[in-house]
Amino acid sequence: MLFNSYEFLFGFLPLVLGVFMLLSWRGQVRLAAAWLALGSVLFYGWWSPRYVLLLLASITANYWLGQTIAARVQQGGARSARRPLQAGIAVNLALLCYYKYANFFLDAAQTLSGVPLPAFDVILPIGISFFTFTQIAFLVDCHEGKVRESDPVHYLLFVTYFPHLIAGPVLHHAEMMPQFARRDTYRWDTRNVAIGATFFAMGLVKKVVLADGIQPYVAPVFDQGVQPDLVTAWGGALAYTLQLYFDFSGYSDMAVGLSRMFNVQLPFNFDSPYRASNISEFWRRWHMTLSRFLRDYLYIPLGGNRHGDLRRHVNLMTTMLLGGLWHGAGWTFVIWGGLHGLYLVVNHGWSAWAAHLGWRGPTWLTRPLAHALTLIAVVIAWVFFRAHTVDDALRVLRGMAGGNGLGDWNATADFSRQWLTTAVLGAWALFLPNSQQWVSRWFAGDSSATGRRSMQWAVIGGTLMLATLLVVINGARGVSEFIYFNF
Amino acid sequence: MGWLLAGALVTLLALELLLRALPVIEGRIRSDDESLWPLHNYRPNEAYTYSLGWDMRHPQHGRVNNFGQLAPFDYAPGEARVAVIGDSYVESAMNLYDETLPALLGDALGNRRAAIGLAGSGLSLADYAALASQARAELAPQALVFVIIDGDIAESVQPRRGWHHYAGAADGGMALRMLALRSGQDSALSGRLAGSALYRYLRRNLGWSPPDPRTWLRTSEPAPAPTEAERAVSSQRQRQAIARFVQDVSVAAAGGPSCVTLLFDSDRGTLYGAPTREALDSPQMQAELAAQARAAGLQVVQLGPHFAQDYAQKRLRFDHSPFDRHWNSRGHAVAAAAALPSLTDACRLAPGQATRVPGSPS
């Protein structure tokens with residue numbers, strides 16, 4: 001079930017939200033939490049009922065392990081808690097490897113050894129990367145004594161919570177469990193529903209109008225095996241750069257908005273990433289919850305920057321390579337991660353060198369250059385992220401380098417439309433405030449127009465009407481999944 | 001509750017105003033009297049706006065003429081020497097009229113009105129035959145040019161509401177049939193709603209109809225592939241339809257069979273490196289149509305080599321986009337250049353020649 005489908009907007013959401021609020025109003029807080037968890041499991045089961053058992057088994061096992069680890073740590077046996085922690089991480093990774101990476105590793109082994117190996121006939125359970133890593137983080141935090149809440153219903157809700165279950169944001173239990181335990185969560189709050197509906201509508205606009213609007217210019221370059229000329233190749237790569245941003249940030253806005261309707265705040269995932277003027281800044285603005293996860297649970301445990309420059313660079317490369325592999329079992333993702341690792345190493349090296357020479361940060365003159373350089377580096381890496389094979393990526397990059405000629409800059413209607421669309425979406429991504437900036441302006445304090453309850457109801461009515469039209473547009477065009485559902 | 005409704009209504013109004021400023025589809029309503037359809041295609045003498053899909057691509061504004069066809073001038077009996085017959089490729093609502101095949105042929109013959117387009121979206125061979133017969137009775141063109149697109153043959157034997165088709169006749173051959181589109185008068189409500197840009201956007205740009213909740217729980221099963229026997233029957237029916245079509249159109253041009261030209265479109269995407277498209281009409285059926293047409297003395301022009309040659313020289317594409325394969329202005333120009341010799345050489349139409357055909361209605 002997609003957020004942009006009829007069945008979600010007119011069936012699932014009103015039912016789950018309505019019963020949740022009804023139970024909350026009657027003071028049956030625990031039942032309301034259980035209902036939300038049940039709804040979330042149903043939401044997952046709508047996609048594939050057979051993987052519901054896998055999800056529930058994973059949750060049960062991790063919850064039990066977490067309790068075991070936390071109990072041992074509390075009894076002063078951090079060392080004795082290490083074994084269940086290691087076992088938990090191993091089982092989680094084994095599950096992920098089986099479903100996501102088994103064929104990739106077999107394929108690599110076959111290529112290296114030349115020995116024919118059988119392939120596994122498995123379908124990737126949707127959201128497995130998200131719920132696996134969320135729970136690994138939970139186990140690690142149990143071991144470090146950071147876990148305070150142990151309610152099984154809230155844990156079930158934390159993992160399955162439908163706004164984030166399929167494609168994030170990647171949540172941390174410390175920011176979610178207290179919200180599920182808080183009494184204030186279980187009440188009707190018109191302001192939160194209005195804010196949530198606004199986020200949801202903005203996310204729908206990003207997905208249905210912007211991402212799906214530019215999407216048709218991507219596939220002809222990447223998927224049809226053509227040798228694109230320079231103009232066509234850059235057109236396709238830029239179109240994908242914008243499609244991915246509006247698709248994923250649109251999904252994240254919808255997730256944040258839906259959750260807000262239930263009085264639960266999710267962390268933001270994007271902060272205008274294409275405005276970054278260096279690659280470190282880009283990663284502080286792009287898929288922020290994954291960056292946070294990789295930093296806290298991979299980069300820092302690997303040693304971070306605590307053991308000298310060389311080790312820091314190795315840690316950066318390792319983190320980004322694994323981050324690439326997290327997105328998918330393919331060499332294109334490994335190369336994408338490796339490129340970003342390399343960019344980060346170069347960025348840190350450059351910063352150190354500039355500091356050594358006494359240069360200050362970018363000036364008004366060099367900032368646009370740094371911005372352009374960062375953007376070009378990101379676009380080049382996206383080519384690997386989008387391409388199905390390394391050969392496809394190299395074919396597109398060859399076109400971008402002018403290896404197939406410059407191309408015809410002929411102003412046919414569709415050609416002009418593509419570049420106009422690219423320019424408009426590019427300007428949107430670069431210069432307009434992002435969703436959280438819009439919302440914080442509109443809903444700034446009780447003295448604003450939207451501080452009045454009447455206006456909040458009007459906002460809900462307006463966004464409902466807009467969302468209806470957008471869902472109709474989406475339905476009329478056929479199913480349009482979110483890109484990050486693949487990961 | 002009042003504020004909720006007020007918010008919804010204000011948004012509705014804002015959407016209506018926004019869409020009124022955008023090229024939402026308007027006009028081009030099927031003629032009320034279907035007895036002379038598709039020659040009298042739309043309600044005559046009305047302005048129209050064309051655009052494609054949810055994002056309103058290729059917007060064009062124009063006027064439906066007295067015959068219910070898209071042309072900036074009225075048609076008069078005996079005035080046009082050439083009638084170009086086809087589906088949406090010929091109707092060409094997504095292009096400026098000046099850039100269409102009929103306009104270019106008319107210009108080449110020395111008079112814009114020497115060639116006219118007779119077309120409708122979704123037509124097939126069966127509709128073309130009906131159209132040619134109606135055109136002979138009312139307009140008496142000396143020459144006919146048919147634009148044959150992939151799917152025209154297969155669709156000609158499928159009964160579709162609102163279109164002609166070939167069906168088995170008592171004598172074992174094929175007869176032309178039509179299933180009327182309308183079962184009665186349009187309701188006053190739908191007429192009023194058509195005044196709303198939002199309604200037209202939903203119904204015509206999006207092709208929206210209210211969702212059926214029963215389908216939410218149903219998983220769609222792909223239709224089973226036809227068996228060998230079914231395929232053989234279908235091929236036989238298509239062959240019979242082709243024979244009947246050739247027979248019908250051979251006598252439809254006042255200038256005789258040599259003044260009837262079939263222009264065959266091609267899979268242009270392969271020129272630009274796109275994979276070959278799976279054709280709705282098999283190459284065998286297309287070849288059968290071309291062979292039977294030649295045998296009956298009609299002119300056959302394959303556009304494939306013309307597109308290839310032009311693309312090799314100019315590197316300009318012939319379609320609007322990978323998702324809208326209708327010819328753009330370049331495609332129409334190549335088609336016109338390819339069709340012209342069949343009119344001037346085989347049919348002996350000279351530029352600037354008087355157009356009145358003896359015995360034609362006046």
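Chain A is the first sequence line, chain B the second, and so forth, proteins listed ahead of strands; every chain is numbered from 1.
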Could you grab the distance from atom [atom1] of [X] to atom [atom2] of [Y], nearest 0.5 Å is fine?
X: B/Y272; Y: A/T232; atom1: OH; atom2: OG1; value: 12.5 Å
X: B/W3; Y: A/T190; atom1: CH2; atom2: OG1; value: 14.0 Å
X: A/N474; Y: B/W54; atom1: CG; atom2: CH2; value: 10.0 Å
X: B/L13; Y: A/M465; atom1: CG; atom2: CE; value: 11.0 Å
X: B/L198; Y: A/L469; atom1: CG; atom2: CG; value: 6.5 Å

#### Entry: Structural part of B/L202 lying under 4.5 Å from a heavy atom of chain A
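Only the side chain of B/L202 comes within 4.5 Å of chain A.
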### Task
Name the region of B/R57, side chain, backbone, both or neither, that has any atom closer than 4.5 Å to a heavy atom of chain A.
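Both backbone and side chain of B/R57 come within 4.5 Å of chain A.
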### Task
Determine, step by step, whether A/V209 and B/D55 satisfy the side chain to side chain contact (heavy atoms under 4.5 Å, CB included) criterion, reporting the C-alpha distance in whole Å, the side-chain angles of both residues, the deciding distance to 0.1 Å, and the verdict.
CA-CA 8 Å; A/V209 179; B/D55 51 355; over 6 Å; no
### Message
What part of A/P220 gets within 4.5 angstrom of chain B, counting heavy atoms only: side chain, backbone, both, or neither?
### Response
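For A/P220, the side chain is the part near chain B, not the backbone.
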Report, as yes or no, whether the 6.0 Å neighbourhood of atom [atom1] on [X] holds more than 12 heavy atoms from other residues, nucleotides or ligands.
X: A/W25; atom1: CH2; result: no
X: A/R187; atom1: CZ; result: yes
X: B/E278; atom1: CD; result: no
X: B/Q309; atom1: CD; result: no

### Query
Which heavy atom in B/L206 sits nearest to a heavy atom in A/A476, and how many Å separate them?
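Here B/L206 and A/A476 meet closest at O-CB, 3.3 Å.
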### Query
How close do B/H58 and A/R417 get, heavy atom to heavy atom, and via which atoms?
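Taking every non-hydrogen atom into account, N-NH1, 4.5 Å.
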### Task
May I have the step-by-step check of side chain to side chain contact (heavy atoms under 4.5 Å, CB included) for A/I473 and B/Y201, ending in yes or no?
CA-CA 10 Å; A/I473 290 175; B/Y201 178 72; 3.5 Å; yes
### Message
I need the residue from A/L464, A/V472, A/L466, A/D223 with the largest number of non-hydrogen atom pairs under 4.5 Å to chain B.
### Response
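Heavy-atom pairs under 4.5 Å are most numerous for A/V472.
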